[in-house]
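Have a look at the structure below, then the notes.
Reckoned from all heavy atoms, side chains included, excluding hydrogens, waters and symmetry mates. Numbers here are sequence positions counted from 1. Each ligand, and each atom within it, is numbered from 1 in the order the structure gives.
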Amino acid sequence: MTATDTYLLLRAFCDELARSGMAHACTAPGSRCTPIVLTLAREPRIHTWSHIDERCAGFFALGAAKRSGRPVAVTCTSGTAAANLTPAVIEARHARVPLIVLTADRPAELRDVGAGQTIDQLKLYGDAVKWFFEVGVDEASPATLRWIRTLACRAFWTAAEGPPGPVHLNFPLREPLVLDRRSALPEDDTGRAEGRPYVVFDGGRSAAPSGGTPPAGRIVIVAGADRDPAAARELARFAARTRIPLLADPLSGARRGEAAIAHYDLLLRDSEFAAAHQPQFVIRTGDLPTSKPLRAWLAGLETAQIAIDPDDTWHDPDAVVGMRIQAPYRALLGDHELRTDPEWLASWRAADDAVAGAIERTLGEEPLSEPLVARSLAGWLPGTATLFVASSMPIRDVEEFVGAREDAPRVLSNRGANGIDGTVSAAFGAGAAAADEGPVVLLIGDVALAHDIGGLLAASRLGLPLTIVLLNNDGGGIFHFLAVAGETDAFEEHVATPHGLDFSRAAALYGCSYALVGTLAALRDAVETSIADGSTTIIEARTNREENLALHRRVAEAALAAMPRP
Ligand SMILES: Cc1ncc(C[n+]2csc(CCOP(=O)(O)OP(=O)(O)O)c2C)c(N)n1
Ligand SMILES: [Mg+2]
């Protein structure tokens, strides 16, 4: 085996990734990964983004794959470098994001003998990946070149299909790791004609299910996180046409149209309303939304509940779903004319509108609170924008307070495993994957930003823009909502974890712009300027954790008081 063999095989491998539709990949530096990094970087159809930190690289790739819906590769060197991809791999598994991890490794003779930077990388990510394969790269013959082409297609389609997720290919690579400059890489004609991929895939899952009695009467649809924006819009139109209340998480992309019930989290805290609005039939799509009142309400219903999901995600912690349909929504919902109760949607609509009014009155235009920022941002951003929302209070506030809007921006979040890690990198990746499709705005808390502060390097090193709206309450505000807040001896230091960071200095270190805003008008101005300039700007709003808790309680009380009573 020579360097020429290695490079020939890897070139065929990357050629097939590109033919299959890969447009983006991420690299991190090292020695052992040199052949993979150089081959990716030299493949003109794949935009290869360089990172210093593997954890950032993994999350960047995750964000790019999430936004584009297409597999993105990430490669790194051996040892702990590969272990640093673990959180992104786990998130990709839970959020069903097609990620292709290509780790470099020492060959067999250098394993377990004290060679440097060598750990056991076989099945390193355990069950978090859909497929692991140890790629024995050897001589480049027509037969092995064809084989590695099929391997690339298989990795691509395994990541992309039914349901999507991460795959891991481990590449043992022998020295020399660079080509002899004097020898050009020979031609390889083992690829299919006309640039076609070696293997194409047809899951055959487009057929409509048949049989069963169509639901009727008081139906609700509960739409959770989904990865197909076009299907979500169709779902919203279907709900409006058939007059079915659509309880839509913003992550579903379906919080739009006349039937969208945005404030189910507040509505269902009203036990009277919850009891009076028991449906006869529940249709669930996508993931289960985060809202605790919604989850509790669904769990307590004695109604038939069906889950439709092309990925057949098993999201049913309370074991109440009676039928699972693995099909695209349009197959089921498409042309049905359901017999629904005309008063039913009107009653939900009136309550949702009343709660929206209560939210608006309570939040007002000032002071600049966390819910106000979440609600306003989602209300102003152009429909072409993507709002990437960090875990913790930002995503909860978006779910609770953001209204329905026909041309709503797309909302993305790392909700697969609900981590606060890698958020900055994932948002940059989402921007990079579809730069011409509109700006990405990140809404993030201070602890999450501190956690992935190194992700800011993408701004200067990769020249990428990102508008970052930072809600700085100096610690984890979410924990004030939990019982642990009462454990005052250790709460602040060990749970809330205030840090006192001056984020303007982080902006300076990473070459980003910075703005501190104190009013809604200043926030809007700063966001619009950042988007127009195509810059990376940290726009900081300072809030207070205690006051935030009190404000959430006031809104909930106002909502309860505003509910229409029969
Ligand atoms: C990787 C990871 N570590 C820890 C947690 C637990 N956790 C959830 S929210 C949170 C605090 C987040 O604080 P911040 O980003 O400032 O948001 P806030 O709660 O203030 O809205 C932590 C540590 C997690 N979800 N993920
Ligand atoms: Mg915070």
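In summary, the atoms of ligand 1 found under 4.0 Å from a heavy atom of Gly476, numbered by their order in the structure, are 11 (C), 13 (O), 19 (O), 20 (O). Per-residue contacts place Asn418 under 4.0 angstrom from the following atoms of ligand 1 (heavy atoms of the residue considered): 25 (N). Below 4.0 Å from some heavy atom of Asn473 lie the following atoms of ligand 1, by number and element: 20 (O). Each of the atoms 21 (O) of ligand 1 lies under 4.0 Å from some heavy atom of Met393. Close contacts between ligand 1 and Ile478 involve ligand atoms 9 (S), 19 (O) [criterion: under 4.0 Å to a heavy atom]. The Gly477 neighbourhood of ligand 1 comprises atoms 18 (P), 19 (O), 20 (O), with distances under 4.0 Å to a heavy atom of that residue.
In this structure, Pro394 has a heavy atom closer than 4.0 Å to ligand 1. Using a 4.0 angstrom heavy-atom cutoff, Gly475 counts as in contact with ligand 1.
On a distance-only criterion, Glu370 and ligand 1 share no N/O pair closer than 3.5 Å. The shortest N or O to N or O distance between Gly419 and ligand 1 is not under 3.5 Å. Between Asp421 and ligand 1, no N or O atom pair is found at a separation short of 3.5 Å. Residue Phe479 places no N or O, backbone or side chain, under 3.5 Å from any N or O of ligand 1. Geometrically, ligand 1 and Ser391 share no nitrogen or oxygen pair separated by less than 3.5 Å.
Between Pro87 and Asp421, the shortest heavy-atom contact is CB-OD2, 3.3 Å.
No hydrogens or angles considered: nothing links the side chains of Ser68 and His24 as a donor-acceptor pair under 3.5 Å.
Between the OD1 atom of Asn473 and the O atom of Gly475, the angle taken at the Mg ion (ligand 2) works out to 80° after rounding to 10°.
Protein heavy atom at the shortest distance from atom 9 (S) of ligand 1 is Ser392 OG, 3.3 Å. Protein heavy atom closest to atom 5 (C) of ligand 1, with residue, atom name and distance, is Ile420 CG1, 4.1 Å. Atom 15 (O) of ligand 1 has its closest protein heavy atom at Ala448 N, 3.0 Å.
Looking at Leu471 against ligand 1, nothing comes within 4.0 Å, counting heavy atoms. For Val447, heavy-atom contacts with ligand 1 shorter than 4.0 Å involve the backbone as well as the side chain.
Per residue Asp446, closest N, O or S atom to the Mg ion (ligand 2): atom name OD1.
For the side-chain hydrogen bond (donor to acceptor under 3.5 Å, both in side chains) with Asp287, the qualifying choice from Arg227, Arg415, Arg96 is Arg96, the only one to do so. Each of Leu509, Ile538, Leu466 was scored for a side chain to side chain contact (heavy atoms under 4.5 Å, CB included) with Leu456, with one residue passing: Ile538.
Ring-plane geometry between Trp49 and Phe60 is classed as tilted, the angle between the planes lying from 30 to 60 degrees on a 0 to 90 degree scale. Using cut-offs of 30° and 60° for the angle between ring planes, the His480 and Phe491 rings count as perpendicular.
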(request) Under the side chain to side chain donor-acceptor pair (under 3.5 Å) rule, what do Thr543 and Glu370 come out as? Steps first, then yes or no, please. (result) CA-CA 7 Å; Thr543 58; Glu370 296 180 28; 2.7 Å; yes

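The backbone N or O of Gly419 lies less than 3.5 Å from a partner atom in the side chain of Ser391, making a donor-acceptor pair. Using modelled atom types, no side-chain atom of Arg284 and backbone atom of Gln305 make a donor-acceptor pair closer than 3.5 Å. At distances below 3.5 Å, not a single donor-acceptor pair connects side-chain atoms of Trp348 with backbone N or O atoms of Ile261.
Comment: Arg524 engages Glu528 in a salt bridge, judged by a side-chain N to carboxylate O separation of less than 4.0 angstrom. One finds no salt bridge joining Arg545 and Glu547 here, because no Lys/Arg side-chain nitrogen approaches an Asp/Glu carboxylate oxygen to under 4.0 Å.
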